[in-house]
Amino acid sequence: MEIDEFYEQCGRLLGVGHEGQPFPYYKRTRWNNRKPGQGRFPGRGIIRVFGSQVHIALNNPHLHRICDSKEECLIVLKSLDLA
């Protein structure tokens, strides 16, 4: 699953749009890391992909967790009561 597709699925499950931009450079340096990255969900929090792990930091609903895969993250989001 591609990262863009993953973030769109997360946004659908959270009921909000996805904000952020893909990182345009080969690697991060002090000078090229000035724009907000992908994984920002307004009013909900942040979900970020780091290699094979996914870090979830939501404030609405309150959830902080590290998942071992994108699929595990989607299962966790599906189990949330977002009503």
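Residue numbers count from 1 along this sequence.
In this view, P61 and R44, L80, L82 satisfy the side chain to side chain contact (heavy atoms under 4.5 Å, CB included) rule, not counting sequence neighbours. Shown here are the side chain to side chain donor-acceptor pair (under 3.5 Å) partners of N60, two or more places apart in sequence or in another chain: there are none.
Taken to the nearest 0.5 Å, the CD1 atom of I56 stands 10.0 Å off from the CZ atom of F41. Atoms SG and CD, on C73 and Q53 in that order, are 12.0 Å from each other to the nearest 0.5 Å.
Each of L58 and I46 belongs to its own hydrophobic cluster when Ile, Leu, Val, Met, Phe, Trp and Tyr are linked at side-chain heavy-atom distances under 4.5 angstrom.
When atom types are taken as modelled, the side chain of R40 and the backbone of G45 share no donor-acceptor pair closer than 3.5 angstrom. Proximity of a side-chain donor or acceptor of H18 to a complementary backbone N or O of G39 within less than 3.5 Å is detected.
When all heavy atoms of G17 and P42 are compared, the closest pair comes out as O-CD, 3.3 Å.
Between R48 and V54 there is no side-chain heavy-atom pair separated by less than 4.5 Å.
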Donor-acceptor contacts, no H, no angles, side chain residues 63-72, under 3.5 Å, sequence neighbours left out:
{"unit_1": "S69", "atom_1": "OG", "unit_2": "E72", "atom_2": "N", "d": "3.1"}
{"unit_1": "K70", "atom_1": "NZ", "unit_2": "M1", "atom_2": "O", "d": "3.0"}
{"unit_1": "E72", "atom_1": "OE1", "unit_2": "D68", "atom_2": "N", "d": "3.0"}

Taking distance alone, no hydrogens or angles, what donor-acceptor pairs closer than 3.5 Å link side-chain atoms of residues 5-13 to residues at least two apart or in another chain?
{"unit_1": "Y7", "atom_1": "OH", "unit_2": "V49", "atom_2": "N", "d": "3.2"}

